[in-house]
Amino acid sequence: MKVLFLNEYLPQEMLGMMWLSRAIKDAGHECKALFIPDKAWLDKIVEMAPDVICYSVTTGMHLYFADINQKVKQVCPDALSIFGGPHPTFSPEYVETDGIDAVCRGEGEFAMVELLNKMQAGEDYYETPNFWFKKPDGEIVRNCQSPLVQNLDELGFPDRSIIYDAGQIYRDSDRKVFVTQRGCPMNCSFCFHHAWKKKVYGAKNKEYTRKRSVSHVIAEINDVRSKYPLKFVHFLDDIFNLRKDWLEEFCERYPKEVGLPFDVILMANMTTEKHIKMLASAGCVYARIAFEAASDYVRNAVFRKNTTRKQLTDAAEWIRKYGIRLGSLNMLGGPGGTIEDEWDTVRLNIECKVDHPLVSIMQPYPEFDIQDMTTDMGYAVAGYDDFPQKFNRTSSIEFENKREIENLHKWFPIVVRFPWLMPVAKKAAQWNSMSKVYLIMYMLWSEYMVAEQARLYSRAQGLSGPRYWPIVDFTRRLATKGVLRVYETFFARYINRFFAPKNVALSLQMGDERVIAHMD
Ligand code: B12
Ligand code: SF4
């Protein structure tokens, strides 16, 4: 069978799609990807003539992709359209949307292979586990979940060629993403894990939290390095220090067998000074700790983070002590907090001297416990169809000082670096008419933090000199963006008639996305 994954360009390559492609190809089917925007996207789809078109969607993007699918259905009416990822997993009734034939709930590797094999053999596939189908007469078939894959090594290496062949921008990047585990034992109310674990799978922590072997991870990194540019390893794992024995083996072997700089996310209540020391000597140059909120009530009673303030400050202190760049993950707009609580989170970041604070605004996604808490506390939550596509600009909860919190969000990383601005920022956050100005400030500062981050990568590779100074890099980035924007606004439409230069609009959009995600 011919399978096509259609997605938009995201700031980094998508591991879910790569793992699905590995399983699909290993089972003898074809699998390709296409990223939009692409001027000839519909022609390319017609040329590929896929039997199955796949989409991976988060809440907020679901309507956009349902529209895209309608256009695809007009040119490929016989292709089966399947949606997977967080939105269909938690809102499977999405299958009722016009044009959608099936949704996959949870992990898709084995389910996809079973479905494709049945399609190939001309068998009835409506009872394939993990899927909800919409039959041609409109009847919905709801299947059960098959157990979670337990040995992650059996899945093989994610098939990177599916993404790197379709998106040069991902292939060329020196920084590539890797993941060493699936699942999480914690039950934070704002995160998808508790819902995936209990509501979708009814699983226990033991079955849900799985780790690849160190050998498998190291072999994958070396395999990628032999085929593609790779100078920095970005571990996506939610909690890199989840298992002490695993961490020790990794830190012992990685410098000898790989030796590339890397970054991680750590869980404060599992972090010891010994972990940080081991990570630093293994080549970790950047570590993020999830603070989320300084208020004990918001952090532990509402967000269910299960961390003490001391655990946060200790972990931050050790990270700095061993010369690792310190990042923090923070979340504003949680229900039950006050505006002073939000400023206290800024203060916590100042106290810990965080180099790189990442801040988002809480969204109560479908089936997450925070959804019920928010509504129980009497706040109105926007319907899923009105959720923003991104969680770093605005909130979908209606509360009294919503605009002030959205403004505070833009000031947050700036005040952490320049604490003397706090009194000004506190006043300024109340002026809603200035929100566009704050957004520009935020984007500029984020671009600067990305330049600092880039210096970290270049340093780790032994590159030095004025070219790599953040201020020089920042100026170069801004100047390039400025020139490209002028080109795109005034000249692109004439010049593009004669030859096809690189997709400038796309590079700009990707650049902005990466800045918002504070990465490059
Ligand atoms: C890395 C990451 C990103 C990366 C890359 C995203 C990507 N699509 O790969 C970036 C930085 C771009 C990103 C952006 C966003 N993300 Co994000 N992200 C993650 C993160 C941490 C890991 C994703 C991952 O690689 N998982 C590992 C792979 C193996 O699993 P997977 O992607 O889920 O895929 C499996 C299944 O879902 C399924 N599947 C997935 N797609 C399909 C398709 C088909 C056809 C089938 C059959 C099966 C299937 O099979 C896969 C293999 O088993 C997750 C949390 C997590 N730990 O999963 C959040 C998460 C997915 N992100 C989330 C959100 C909210 C966002 C943003 C909206 C944030 C923002 N910027 O405002 C954007 C949306 C971008 C987008 N359109 O996807 C939420 C989604 C919540 C929801 N209900 O929608 C999550 C769950 C985190 C959370 N809040 O709990 N994200
Ligand atoms: S510790 Fe992190 S990954 Fe785990 S449930 Fe909490 S927020 Fe999600």
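Ligands are counted one by one from 1 in listed order, and the atoms in each one are counted from 1 as well.
- No cation-pi contact links Lys176 to Phe262, judged by a cut-off of 6.0 Å to the six-membered ring centre and 45° from its axis.
- Within the 4.0 Å heavy-atom criterion, the part of Met61 lying near ligand 1 is the side chain and not the backbone.
- Of the heavy atoms in Val177, none comes closer than 4.0 Å to ligand 1.
- Contacts with ligand 1 closer than 4.0 Å are made by side-chain heavy atoms of Leu20 only, the backbone lying farther away.
- Interface of Met14 with ligand 1, defined as ligand atoms under 4.0 Å from a residue heavy atom, comprises 7 (C), 8 (N), 9 (O).
- Using a 4.0 angstrom heavy-atom cutoff, Pro88 does not count as in contact with ligand 1.
- Annotation for ligand 1: atoms under 4.0 Å from non-hydrogen atoms of Cys54 are 45 (C).
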Next item on the list: Give the C-alpha distance, both sets of side-chain angles, the deciding distance and a yes or no for side-chain contact (heavy atoms from CB on, under 4.5 Å) between Arg210 and Leu148.
Entry: CA-CA 10 Å; Arg210 297 143 291 159; Leu148 289 156; 3.8 Å; yes

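- Defined by atom type and a distance below 3.5 Å, a donor-acceptor pair is present between the side-chain atoms of Asp238 and His193.
- Residue-level proximity to ligand 1 for Thr59 is carried by backbone and side chain together, each with a heavy atom below 4.0 angstrom.
- Only side-chain heavy atoms of Arg182 come within less than 4.0 Å of ligand 1; its backbone N, CA, C and O stay farther off.
- Within the 4.0 Å heavy-atom criterion, the part of Tyr365 lying near ligand 1 is the side chain and not the backbone.
- Contact analysis leaves Phe192 out of contact with ligand 2, as no non-hydrogen atom separation drops below 4.0 angstrom.
- Contact analysis leaves Gly60 out of contact with ligand 1, as no non-hydrogen atom separation drops below 4.0 angstrom.
- Contacts of Met112 with ligand 1, taken as heavy-atom pairs under 4.0 Å, involve the side chain alone.
- Under 4.0 Å from ligand 1, not a single heavy atom of Val179 appears.
- Protein-derived N/O/S atoms nearer than 2.8 Å to atom 6 (Fe) of ligand 2 total 1, waters excluded.
- If you look at Phe65 next to ligand 1, there are no close heavy atoms at all, none under 4.0 Å.
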